[in-house]
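Each remark here refers to the structure printed beneath this line.
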2 protein chains.
Amino acid sequence: MQDPLVSLPGYALRRAANATAAELASRLVALALRQSDVSLLMLVEANPGATSSALGRQLDIQRANMVPILKRLEDAGLIARAPIDGKSQGLALTDAGRAKLAEGRTVIEHFERELIERVPQEHRAHLLPALNALWR
Amino acid sequence: MQDPLVSLPGYALRRAANATAAELASRLVALALRQSDVSLLMLVEANPGATSSALGRQLDIQRANMVPILKRLEDAGLIARAPIDGKSQGLALTDAGRAKLAEGRTVIEHFERELIERVPQEHRAHLLPALNALWR
DNA sequence: AAGCGAAAGCTATGGGCAATAGCAATACCG
DNA sequence: CGGTATTGCTATTGCCCATAGCTTTCGCTT
């Protein structure tokens with residue numbers, strides 16, 4: 001079948017992202033984590049006390065969409081909220097959160113390594129900078 | 001804010017795909033087309049008479065999910081179905097479909113060109129092969 | 001020729017993720 | 001002090017994809 005799409009970087013980007021996201025999701029399901037969960041846990045670990053709004057800005061997740069994510073993580077006992085003032089609350093990992101993140105990070109690291117290894121060596125070093133140029 | 005995610009190719013892939021998809025979608029809305037619509041129209045044009053199943057296999061869209069897409073395109077008068085035998089039907093562009101695709105292709109070409117131009121020159125040639133290695 | 005497995009097209013449903021609109025409470029700043 | 005911005009939230013919607021299951025038809029094998 002003739003496929004005029006395969007030569008389009010934008011289409012390849014879409015397909016690659018979909019394929020890899022599905023793969024990662026299937027590995028994270030064993031930990032009862034989603035991709036957004038892990039990225040949030042990693043970001044909270046690196047920035048303890050940050051607010052939901054600030055984290056959302058960093059991840060480009062809107063405030064409204066942070067709510068269910070944080071609720072899920074809090075219900076799972078992975079993060080805790082501490083009031084900063086009357087309207088803001090700082091987030092931090094609980095002990096369980098740190099433990100869960102350790103597991104998640106292992107999965108992520110394996111995943112990222114396999115991703116890179118899939119790319120022919122002569123292109124490897126270019127992938128990250130090229131991708132970053134597309135959105136940063 | 002400390003961000004441990006930006007050095008992960010998988011995360012960059014996700015962000016880049018999201019950002020570019022949103023951008024393309026916003027340009028296509030003026031044509032009342034979605035990204036899946038345009039890819040389907042392009043594929044049908046290149047393979048007139050192909051069946052829904054075959055197109056779906058090429059695009060990695062399951063049969064069940066092809067239904068609403070094709071229905072939308074047919075309702076818009078962009079594609080037509082012709083029975084091949086009792087259980088299969090060949091798809092082809094209508095005249096309106098060809099006209100709409102011409103508009104869509106213009107948008108896509110602008111989009112793809114801008115995408116590539118966003119990437120520093122020394123990385124450009126590597127983007128497509130690196131992405132293709134991730135899913136093909 | 002008959003029968004059976006595979007394929008085609010479809011319905012129905014749900015999950016994940018993101019966008020929008022709007023709201024109440026609070027903080028900040030001139 | 002008063003207006004404005006910010007925070008966290010509810011509610012809703014849309015897009016995309018996945019699964020399960022159904023009916024009809026095709027095509028191969030016996």
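Everything quoted here is computed from the prediction, not taken from an experiment. Each chain gets a letter, A, B and so on, in the order the sequences are listed, and its residues count up from 1.
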Reckon A:R57 touches a base, only the sugar-phosphate, or nothing at all at heavy-atom distances under 4.0 Å? sugar-phosphate
Does A:N18 or A:R81 map to a spot on DNA chain D nearer the 5' end, using the closest nucleotide for each? A:R81
Please report the distance, rounded to the nearest Å, between CE in B:M66 and P in C:dT11. 14 Å
May I ask you to say what A:A25 touches in the nucleic acid, namely base, sugar-phosphate or nothing, with a heavy-atom cut-off under 4.0 Å? nothing
So, with a heavy-atom separation below 4.0 Å from DNA chain D, the residues of residues 83-90 of chain A are A:K87, A:S88, A:Q89
Interatomic distance where CG belongs to B:L40 and C1' belongs to D:dC17 [whole Å]: 15 Å
CD (B:E122) with more than 12 external heavy atoms under 6.0 Å: yes
Nearest heavy-atom pair of A:R124 and A:I116: which atoms, and what distance? NE-O, 3.1 Å
Does C:dA18 have OP1 or OP2 sitting under 4.0 Å from an N or O in the side chain of A:Q62? no
Could you state the CD1-P distance from B:I61 to D:dC16, rounded to the nearest angstrom? 9 Å
To the nearest angstrom, how far is A:Q35 atom CD from C:dA18 atom P? 9 Å
How far does OG of B:S52 sit from CZ of B:R63, to the nearest 0.5 angstrom? 9.0 Å
Distance check, rounded to the nearest 0.5 Å: A:L8 atom CG versus A:R14 atom CZ? 11.5 Å
Please name the residue in the list A:R105, A:K100, A:R98 that meets the salt bridge (Lys or Arg N to Asp or Glu O under 4.0 Å) test with A:E45. A:R105
Is there a side-chain contact between A:L73 and A:I69 (heavy atoms, below 4.5 Å)? yes
Calculate the interatomic distance between B:E23 atom CD and D:dC15 atom P; express it in whole Å. 19 Å
What is the separation between atom CG on B:N65 and atom P on C:dA12, rounded to the nearest whole Å? 15 Å
B:R15 CZ to C:dC17 P, straight-line distance once rounded to whole Å: 14 Å
Atom CZ of A:R34 to atom C1' of C:dG16: distance rounded to whole Å? 6 Å
Hey, could you give me the CG/CG distance between A:L91 and A:N47, rounded to the nearest 0.5 Å? 11.0 Å
N/O (side chain, A:S36) to phosphate O (OP1/OP2, C:dG16) under 4.0 Å: no
Kindly say whether, by distance alone, the side chain of A:R63 makes a donor-acceptor pair under 3.5 Å with the base of D:dG8? yes
